[in-house]
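The structure appears right after this line, and notes come after that.
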Number of protein chains: 2
Amino acid sequence: MVGLAQERLLEKSIRPSVQRLSVYQYLLDNPTHPTVDTVFTALSPTIPTLSKTTVYNTLKLLVENNLVQTITIEDDELRYDANMEDHIHFKCEKCGSINDFFSPLAHNTTELIKNQLSSEFSPRKIHIFVWGLCKKCNKDSQSVHNSL
Amino acid sequence: MVGLAQERLLEKSIRPSVQRLSVYQYLLDNPTHPTVDTVFTALSPTIPTLSKTTVYNTLKLLVENNLVQTITIEDDELRYDANMEDHIHFKCEKCGSINDFFSPLAHNTTELIKNQLSSEFSPRKIHIFVWGLCKKCNKDSQSVHNSL
DNA sequence: GTGCTTGCAAATCGTTTGCAATAGC
DNA sequence: GCTATTGCAAACGATTTGCAAGCAC
């Protein structure tokens, strides 16, 4: 049996080297919007010769082939996401976590914007980013309030 | 008469130095989502002693005081926007221009997302980015098609 | 005079580039 | 063997930091 990662690479005529498979598989397994450094650090033990350049090259290749997308929710570094479905990204400004929302809202909103804009423009990709407090941090800050 | 820029700085207890007023006024006058470098280059002739560090410091200060927001529609550099209303940013992937949409769509979508998420989270800021072809580039590419 | 602001220079850090070594067909 | 891929080292560029000089109240 051939893995999903390998299958997708072959579909795009990308030679499934160990490095490429590992990077792509890592993104598929970890929908945590990792940075280049996170991916590199995570895979280094398994592939001791891995270089950061290869991680950069591989991610660039995957993005160009629409297997992975870049997430620009941070001011200072790029994140990567192998999930290509319409979804909203929520970043907690307290704990820094980035979570996904796959509700119909995300899909419907994306479609709505696409349709409204498509009379004049050709929208290709839509990203919706939300910043605020996540469930946990929200609760924590309420507890603090209550305990005062 | 005191200008709008100065008024807003004073409201936030920010000392309205020449540099700060110039940077903020530039953003108010040029809703083109400039980069740090663009702002610096534009103001340098008027303020010959201006340093890029001051532009960085000033923009950071304005962002912290909610007078300006950062736009992360580019993979590799930050842009700044003094317009704090709900609006959608559209980036043309051909000519690179970034345009605003203030349609009810932008406002309503933002409100919708805020409301839907607010049962569990505390959303503070929402950005909607759209990539594709702008009106002009869209027309150009169609002309090319027709002439084939 | 004291504290805030500015601006130069150096440092930092994410990312890209050049190029030689390596691996796969 | 030839081409694609990898990975090291150097370069690059945006941003931050340290700190001394200048400015405002």
Side-chain angles (χ1 to χ4, degrees), chain A residues 2 5-6 9-10 12-27 33-65 67-81 96 98, chain B residues 2 5-6 9-10 12-27 33-65 67-80 96:
Chain A
V2 175
Q6 182 164 349
L9 292 184
L10 289 172
K12 303 280 184 174
S13 309
I14 298 172
R15 191 191 293 176
S17 66
V18 172
Q19 291 86 340
R20 287 171 176 171
L21 278 173
S22 304
V23 169
Y24 189 30
Q25 192 62 55
Y26 180 84
L27 285 180
H33 321 91
T35 62
V36 166
D37 203 64
T38 307
V39 175
F40 173 73
T41 304
L43 299 180
S44 266
T46 324
I47 314 171
T49 61
L50 183 67
S51 88
K52 207 173 275 188
T53 304
T54 300
V55 179
Y56 274 106
N57 289 340
T58 302
L59 288 171
K60 190 178 182 183
L61 188 69
L62 295 173
V63 169
E64 284 167 358
N65 283 276
L67 293 174
V68 165
Q69 58 183 331
T70 54
I71 304 297
T72 57
I73 201 169
E74 310 274 3
D75 276 4
D76 57 352
E77 59 184 357
L78 265 186
R79 294 178 170 275
Y80 293 85
D81 190 350
I98 297 176
Chain B
V2 174
Q6 182 163 350
L9 292 183
L10 289 173
K12 302 282 184 174
S13 308
I14 299 171
R15 191 191 291 175
S17 67
V18 171
Q19 290 87 341
R20 288 171 176 171
L21 278 173
S22 303
V23 168
Y24 189 29
Q25 191 63 54
Y26 181 83
L27 286 179
H33 322 90
T35 63
V36 166
D37 202 64
T38 308
V39 175
F40 173 72
T41 305
L43 298 180
S44 267
T46 324
I47 313 172
T49 62
L50 184 67
S51 89
K52 208 173 274 189
T53 304
T54 300
V55 178
Y56 274 106
N57 288 340
T58 302
L59 288 170
K60 191 178 182 182
L61 188 69
L62 295 173
V63 169
E64 284 167 0
N65 283 277
L67 294 174
V68 164
Q69 57 183 332
T70 54
I71 304 296
T72 57
I73 202 169
E74 310 274 4
D75 276 4
D76 58 351
E77 61 185 353
L78 265 187
R79 293 178 171 274
Y80 294 85

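Only this structure's heavy atoms are used, side chains among them; waters, hydrogens and symmetry mates stay out. So you know, we letter chains A, B, ... as the sequences are listed, proteins then strands, and number each from 1.
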> Is atom NZ of A/Lys12 surrounded by more than 12 heavy atoms (other residues, nucleotides or ligands) closer than 6.0 Å?
Replying inline: yes
>> Expressed as a whole number of angstroms, how long is the span from A/Leu59:CG to D/dT5:P?
In response: 15 Å
> Starting at CZ of B/Arg20 and ending at P of D/dC23, how long is that distance when rounded to a whole Å?
Replying inline: 15 Å
> Given side chains that start at C-beta, do those of A/Asn65 and A/Ile14 come closer than 4.5 Å, heavy atoms only?
Replying inline: yes
>> Can you work out whether B/Gln19 or A/Thr53 has the more 5'-proximal nearest nucleotide on DNA chain C?
In response: B/Gln19
> Taking 5' to 3' order, which nucleotide of DNA chain C is first and which is last to have an atom within less than 4.0 Å of a heavy atom in chain A?
Replying inline: C/dG14 to C/dG24
>> Are A/Glu74 and A/Ile98 packed together at the side-chain level, in the sense that at least one heavy-atom pair is separated by less than 4.5 angstrom?
In response: yes
> Is the backbone N or O of B/Leu50 less than 3.5 Å from a side-chain atom of B/Thr54, with the two atoms forming a donor-acceptor pair by type?
Replying inline: no
>> If you apply the rule side chain to side chain contact (heavy atoms under 4.5 Å, CB included), what do you find for B/Ile47 with B/Ser22, and how did you get there?
In response: CA-CA 9 Å; B/Ile47 313 172; B/Ser22 303; 3.3 Å; yes
>> Can you see if the side chain of B/Arg15 gets near the phosphate of D/dC25 - specifically, an N or O under 4.0 Å from OP1 or OP2?
In response: no
> When the distance from NZ of A/Lys60 to P of D/dT6 is rounded to whole Å, what number comes out?
Replying inline: 14 Å
> When you look at A/Tyr80 and A/Val36, which way does the side chain to side chain contact (heavy atoms under 4.5 Å, CB included) test go after all the steps?
Replying inline: CA-CA 8 Å; A/Tyr80 293 85; A/Val36 166; 3.7 Å; yes
> Whole-Å distance between D/dT6 P and A/Ile47 CD1?
Replying inline: 10 Å
Atom pairs under 3.5 Å, N or O on each side, protein against nucleotides 11-15 of chain D: can you list them with distances?
residue	atom	partner	partner atom	Å
D/dT15	OP2	B/Tyr56	OH	2.7
D/dT15	O5'	B/Tyr56	OH	3.2

>> Looking only at the side chains, is there a donor atom on one of B/Thr35 and B/Thr38 sitting less than 3.5 Å from an acceptor on the other?
In response: yes
> Contact class for B/Ser17 (heavy atom, under 4.0 Å): base, sugar-phosphate, or nothing?
Replying inline: sugar-phosphate
> Going through the checks in order, is the side chain to side chain contact (heavy atoms under 4.5 Å, CB included) test met by B/Leu59 and B/Val55?
Replying inline: CA-CA 6 Å; B/Leu59 288 170; B/Val55 178; 3.8 Å; yes
> In whole Å, what is the span from the CG atom of B/Asn57 to the P atom of D/dC19?
Replying inline: 16 Å
> Under 3.5 Å, is there a donor-acceptor pair between the side chain of A/Arg79 and the main chain of A/Ile73?
Replying inline: no
